[in-house]
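See structure below.
If you're wondering where the values come from, they're calculated on a predicted model, not measured in any experiment. Throughout, protein chains are lettered first and strands after them, A, B, ... in sequence-line order, and every chain is numbered starting at 1.
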Amino acid sequence: MNVIAKPDTPTRQLMSGNEAIARAVWEAGCRVAAAYPGTPSTEILENLARYKDIHANWATNEKTSLEIVIGASVAGSRAFSAMKHVGMNVASDALMSQTLAGVGGGLVIAIADDVGLSSSQNEQDSRFWGRFGHLPILEPSDSQEAYEMVKAAFDLSERFECPVIVRLTTRICHVKGLVTVGAREERPSQGFRHDSARWVLVPANAKRRLAAQFERDARLLALAEDSPFNRVDEGKDKRIGFVASGPAYMHVKEAFPDAPVLKLGLTCPVPVETVRAFAGTVKALVVAEETEPLVERDLKAAGIACHGKDILPRSGELSPAILLPAVKALLGEPWEPQATLQPQVFPRPPTMCVGCPHLPAYYCLSRLRRQVNIAGDIGCYTLGAGQPWNALDTTTCMGASMGMALGMDLGRAEADKDKAVIGVIGDSTFLHMGMQGLIDIAYNKGNVTILILDNSAAGMTGGQDHAGTGRDAGGQDAPRVDFRKLVEALGVKAERIHVVDPYEMPTLYKHLREEIAIPEPSVIITQRPCVLIDRFHRDPPFKVVEETCTGCSNCLNVGCPAIHVTRRASETRPSGKVVEKSWVRIDTAACTGCGLCPKTCGPKAILPARESLES
Amino acid sequence: MAKRKATETVTNILVCGIGGQGVMTASEVLAQAALRLGYDVKKTEVAGMAQRGGVVTSHVRFGPKVLSPAIPAGEADLLVGFEPAEALRWCGQLRPTGIAMVNVTRQVPPVVNLGLFDYPAAPVAEMREAGIAVYDFDAGAIARDLGETRMVNTVMLGAIADHLPFPAGALKDIIVERFRERKPALADLNERAFEAGRQAAAKAKG
């Protein structure tokens, strides 16, 4: 999505926050970086993979990515990991222990919060991890600051011997702004310092590290009170002073150019005395932060009166338009919102792509809908919950389809006793967190059928490679996980595993019907590349023969966006039943020739475009 | 758009369309042109799921100093609509003096094909009735005639080129250079697409 910046270009560049962070990581002499793709953090590692002096790899999930960089740090190298907010939940087991042991080479973790939920299953404030893990948090407000803070974070990490978190939001990651860049600083590995009392966290050792952690807290607080990242912008209108962090700072500056602002860049621990001194210079204090009132609570706990979430929203992004009415009301000033037109236009939810290899799986599931309950997962195929398939009943977090399918089987009510349970997961998600759940299904003999939709990519985030694609983050050949062998090794019987071409829809449907009838764990693996990756090959397109089309609209149930309705009509059958008819055409420029829709067409009105032209 | 001196203020351009149309590339080119002319620039969009045929909007802001990356509601100077229903959806973001440049090629989504929602009968007329200055033309047809539907974004950039606070040539140079560097075979074709868009907009109603 973002154009990848070249490693060697002039000093002032238009860079997204993600590009600027990658540049800073490279300049800081980092040697190892690992990540699992997740919007809005994905492009950080994609960019890092272009710098030849860094080992940058896709990890199987966020926990392994953090463990890789912890290992590199302990071995004496500067190391970096990036993830989205929900990824930190996965990685947190490693984080919460390493906070005690600390680091060798500087270790920086960038966590990107999807504030406003553009593509996530929840909204969470990753700044909690700073409080939870006793770690400093830096919050940039634009690309330039993201660049500067990441470089500073490596120094901080080494000075305080702990991981440092840089908290990002979508409005940092995906906003392009001007960045003045520098050169790479060589930071050779300092070598592994054997110190088992530190790196081996058995209870006795961990207990001793607790004291060091509390002592570090005190030093970090002193640092925050004195950090150049926490500074005051003077202002003439002292009726309200703002305490602002992250992109909220920019919104405050735009909405209230004359107000004094204490800009917090190092927001954990909160420099309470700095804020207290600032509060003394203004009549009232407003804390502008996205999303949770973390700074606000710390201030109130310290006895500093302030407004925050009492006047500002608890979720979603802030903006000048949100700040203005809230703060004007506090000042007792009238505020007329800009009157804007709001025309009624249909919703345009994301769809699966034309010819997507997930279409046949969801078409088949939609035909079996009354006989099955379906546990879904995170990825493009989550869109199967939407129209026209309505073929997912749950989506919780990555890998949850496996455990939840088993639980739906074990916890079923009498009314559901004849219903089959199906779990649906993608290839990257299966490797990320699905394997463990499938072990549970096999081990506990769950009466569950699992569909692994292998499109040879992490599709939703833009088609990144993973251990199942045969290519690494740099595009080089890599060993490839064999899903059939893996599933068998996890305990599923060989005869209950089927690998099918999803475009061979009758075969897929037959396996699905057979397997849901057999009360044993079974797995159907569909294999066809994502239509957006370069391994996908387009076939000649199809066309609808108008005279033959009966308007039955079966083909629309495939859900392919290349099929368009040209005309609708209601027809009354001799029985008196009214049926809705839709005649269609295929956008031949978009059609990939996958051949799914002809398989749903009774009157054989869908033919190869060339053939139908000749006839 | 009334030509204001951009050094005194921030120019706000809202580009909208659907995933896969090249909305983000078009806004990237706009941002690069503004950067080259010495402005402070910010560009943002909501990505992620938008890639899959969903709504895409990209905000480009440039001026002496840009703070917030998103265009405040009702402060867009120029709306670049890659699709008429999307232009209608976002037209409320325009200033009273703002203008809309709209490609009239419709992209009908599955929810409309399934009969769940109706596509607006006349999106451009609806915008005009609301008092918006709309320049509308068929950028999709121009790109098709030139042999490549993916050139819609270049056609649209050509169309807005004479409505920017900087010379049209600055925008064209960046497009042509980008292609010379990456896909030389397409450089001349895109130059033609740019000029075709520019002429179409000149003929379109304001």
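- Distance CD1/B:Ile18 to OG1/A:Thr351: 8.0 Å, rounded to 0.5 Å.
- Heavy-atom distances place both the backbone and the side chain of B:Gln107 under 4.5 Å from chain A.
- For the residue pair A:Arg348 and B:Glu86, the shortest heavy atom distance occurs at NE-OE2, 2.5 Å.
- Heavy atoms closer than 4.5 Å to chain A are found in the backbone of B:Asp118, but not in its side chain.
- Other residues, nucleotides and ligands place more than 12 heavy atoms under 6.0 Å from the CH2 atom of A:Trp389.
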Item to check | CA sep, side-chain torsions, deciding dist, call: B:Gln32, A:Leu14, side chain to side chain contact (heavy atoms under 4.5 Å, CB included) | outcome: CA-CA 7 Å; B:Gln32 288 289 354; A:Leu14 187 66; 4.1 Å; yes
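- Neither the backbone nor the side chain of A:Gln342 has a heavy atom closer than 4.5 Å to any heavy atom of chain B.
- No side-chain heavy atom of A:Gln13 sits less than 4.5 Å from a side-chain heavy atom of B:Leu35.
- In this structure, chain A has no heavy atom under 4.5 Å from any part of B:Arg144.
- For A:Arg538, the CZ atom sits in a packed shell: over 12 heavy atoms of surrounding residues, nucleotides or ligands are nearer than 6.0 Å.
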Item to check | Test log, rule side chain to side chain contact (heavy atoms under 4.5 Å, CB included), inputs A:Val175 and B:Lys43 | outcome: CA-CA 5 Å; A:Val175 171; B:Lys43 165 187 171 279; over 6 Å; no
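- With a 4.5 Å cut-off on non-hydrogen atoms, A:Asp114 does not touch chain B at all.
- What you find for B:Pro72 and A:Glu254 is that their closest heavy atoms are CG-OE2, 3.6 Å.
- Contact of B:Val111 with chain A is made through the side chain alone, with heavy-atom distances under 4.5 Å.
- Both the backbone and the side chain of A:Pro347 come within contact range of chain B, with heavy atoms under 4.5 Å apart.
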Checklist entry - How far apart are the C-alpha atoms of A:Met250 and B:Lys42, what are their side-chain angles, what is the distance that settles it, and do they pass the side chain to side chain contact (heavy atoms under 4.5 Å, CB included) test? => result CA-CA 12 Å; A:Met250 293 295 176; B:Lys42 277 189 180 156; 3.8 Å; yes
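- Closest of all the heavy-atom pairs between A:His251 and B:Ser68 is ND1-OG, 2.8 Å.
- Remark: side-chain polar atoms of B:Asn113 are paired, donor with acceptor, to backbone N or O of A:Ile563 under 3.5 angstrom.
- Only the side chain of A:Cys380 comes within less than 4.5 Å of a heavy atom in chain B; its backbone stays farther off.
- Using a 4.5 Å cut-off between heavy atoms, A:Pro320 contacts chain B through its side chain alone, with no backbone atom that close.
- The shortest heavy-atom contact between B:Ala130 and A:Leu341 is CB-CD1, 3.4 Å.
- Other residues, nucleotides and ligands contribute more than 12 heavy atoms inside 6.0 Å of the CG atom of A:Asp258.
- Counting heavy-atom pairs closer than 4.5 Å to chain A, the top residue among B:Val108, B:Leu67, B:Leu114 is B:Leu67.
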Next on the checklist: As a quick check of understanding, evaluate side chain to side chain contact (heavy atoms under 4.5 Å, CB included) for B:Leu116 and A:Gln387, giving each step before the final call.
Outcome noted: CA-CA 9 Å; B:Leu116 302 170; A:Gln387 299 285 356; 3.4 Å; yes
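- A donor-acceptor pair is defined here as one N or O able to donate and one able to accept, closer than 3.5 Å; such a pair exists between the side chain of B:Arg89 and the backbone of A:Phe346.
- Of the two parts of A:Pro40, neither the backbone nor the side chain holds a non-hydrogen atom closer than 4.5 Å to a non-hydrogen atom of chain B.
- Between B:Cys91 and A:Pro343 there is a side-chain heavy-atom pair separated by less than 4.5 Å.
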